[in-house]
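Chain letters run A, B, ... following the sequence lines, proteins first and then strands; every chain starts at 1.
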Amino acid sequence: MNEVRIPIHGSGQSLYVAEEKVYPREVSGRFANLRTLSVWVLLGIFYVFPWIDWNDRQAVLFDLPARKFFIFGLVFWPQDFIFLTWLLIIAALSLFFFTAVAGRLWCGYACPQTVWTETFLWMERLTEGDRNARLKLDRGPWDANKLLRKGAKQILWVSFALWTGFTFVGFFSPIRQLAGDVLAWSAGPWETFWIFFYGFATYGNAGFLREQVCKYMCPYARFQGAMFDHDTLVITYDKERGEPRGARKRGTDPRAQGLGDCIDCTWCVQVCPTGIDIRQGLQIECIACAACIDACDEIMDKMGSPRGLIRYTTQHALEHQPTRVMRPRVLIYAGLLSALVVGFVVALALRSPVSLDVLRDRNTLYRLTDDGQVDNVYTLRILNKTEKEQRFRIEARGGSVLTLLPQREYVVGSGAVYSLPLRVRRAAYEPLGPETIEITARSVDDPKVHATTDARFLAPTR
Amino acid sequence: MNQPPTETAASHELGHRARSIAAILWSAFLAAALATMLCFAFIDPEALRSGDPPEWWSSRLHVYAVGFFFFWLIGLVSAALCWQLSRGTR
């Protein structure tokens, strides 16, 4: 099915520490701009969202101790867990869909590992200089210059990592209060632990492990190949056009010298964040960041050759066969995906703004009164999922006239749960025996806010 | 790549083992994260509190944390066994 050649280097040969350090060269171009944009948007969302307020509370807050998730106007409860599951399924299917169509788009532009590594690389360039300067610095002795540059990099990295850890915790613990606590050096043990934990993870993953996370830790990297076929867009070196590679004078005709378009400048290797040579074919290490495309395009421009010696293309196109974008797997993924997204939006829109639990009193089945009535006692739990305080009135419907005791309104705050005892009364023998009744909690302020639950009403059978 | 040719069988074995241990820890970690999320989405520790709960049951966050490490332990046992069994008999 998948005949793409995937050479794997050094499998099982080396320890993590024995990995050769990769010094990616800075690259500019279309795809580098796209990734920079993606970094700004995604990290912008991450670092800014916790600070946005909505209806006098943090707009995005995952309040684990209170078991409530706030996302802008929506409040999610454990009862809404289905939505999270649903969302995860949508996310997984999107990953399948985009992988089938255009390969590892996720890895190259959106994965947190890529995004944070990019940011850490910027800081490295700022302090240690470009690729050649970094190589020289690492080879050189520990003099004042090296100490200063490395020290400055570490200060930047550590501060940024701690800020990241703090922001992460700010999604789970109100961030303004957290900021005050941190500044006053009085954050709780859990907050402190997670700030350092996530900060350390960021520092380690984006500063040191980098491409090794993709190569050894990422489950997606291992199975994404299964979603590829010959019509998937992949980043490929056009061997036919490039070979035989070799140096040549600018302005000379390579064909006359028996050469292809590749001048063997190795820029595509130098810019690669995972340190591979794309000219050896599609490899499992390739995160499809397209840095080699930008680098090669720049060289081709200088050489006066057309761009695209390395480009997004498909296996079929390379073999001079037509590429089919609309193929069964793409259509199936797209169909499932749109059905799930539409279902999700509809279900979210129709989500009941209030939930009602009715629990029977466990101690007594029923109680007969002196005047020929029968009482059942319940505990009602009203959960107000709206953003406003609501006054609820209780109604009950059954086969006969039901009286509720007490008759009053219950004020339930936004996001609050209210437990109340309820006594339902009716004639003891008419109708005879137990029945199922409907209990409704309806808001006086907004009649659209209501919930109904069935309950069993017990009565003597003779 | 520029591997030093002096790498001995022993250091090779160590590298392989270190990598296996890392893979076991990491896969169990991912599974534990998933299990914790699923478990506590449906079970509220406060609702299970009855009688005289142990000290670590003092707050939801503590129960979540203990639950996570418990799931991690179970995941470790499973991953380590899987590694052991799939290594063959030699």
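- The minimum heavy-atom distance between B:Ala41 and A:Pro78, with the atom names listed, is O-CB, 3.5 Å.
- The CE atom of B:Met37 sits 7.0 Å away from atom OG1 of A:Thr85, with the distance rounded to the nearest 0.5 Å.
- Put simply, of B:Leu30, B:Leu61, B:Val63, B:Asp44, the one with the most heavy-atom pairs under 4.5 Å next to chain A is B:Asp44.
- Between A:Phe197 and B:Phe29, the ring planes are parallel. Angles under 30° get that label, and only those over 60° would be called perpendicular.
- Applying the 6.0 Å contact sphere to CZ of A:Phe196 captures no more than 12 heavy atoms from other residues, nucleotides or ligands.
- Only the side chain of A:Leu88 comes within less than 4.5 Å of a heavy atom in chain B; its backbone stays farther off.
- Heavy-atom distances place both the backbone and the side chain of B:Leu38 under 4.5 Å from chain A.
- Within the 4.5 angstrom heavy-atom criterion, no atom of B:Leu25 approaches chain A.
- In terms of heavy-atom proximity, A:Arg67 sits nearest to B:Phe40 at NH2-O, 2.8 Å.
- In this structure a side-chain-to-backbone donor-acceptor pair under 3.5 Å is present from B:Tyr64 to A:Leu64.
- Heavy-atom contacts from other residues, nucleotides or ligands closer than 6.0 Å to CZ of A:Phe200 number 12 or fewer.
- More than 12 heavy atoms of other shown residues, nucleotides or ligands fall within 6.0 angstrom of atom OH in A:Tyr220.
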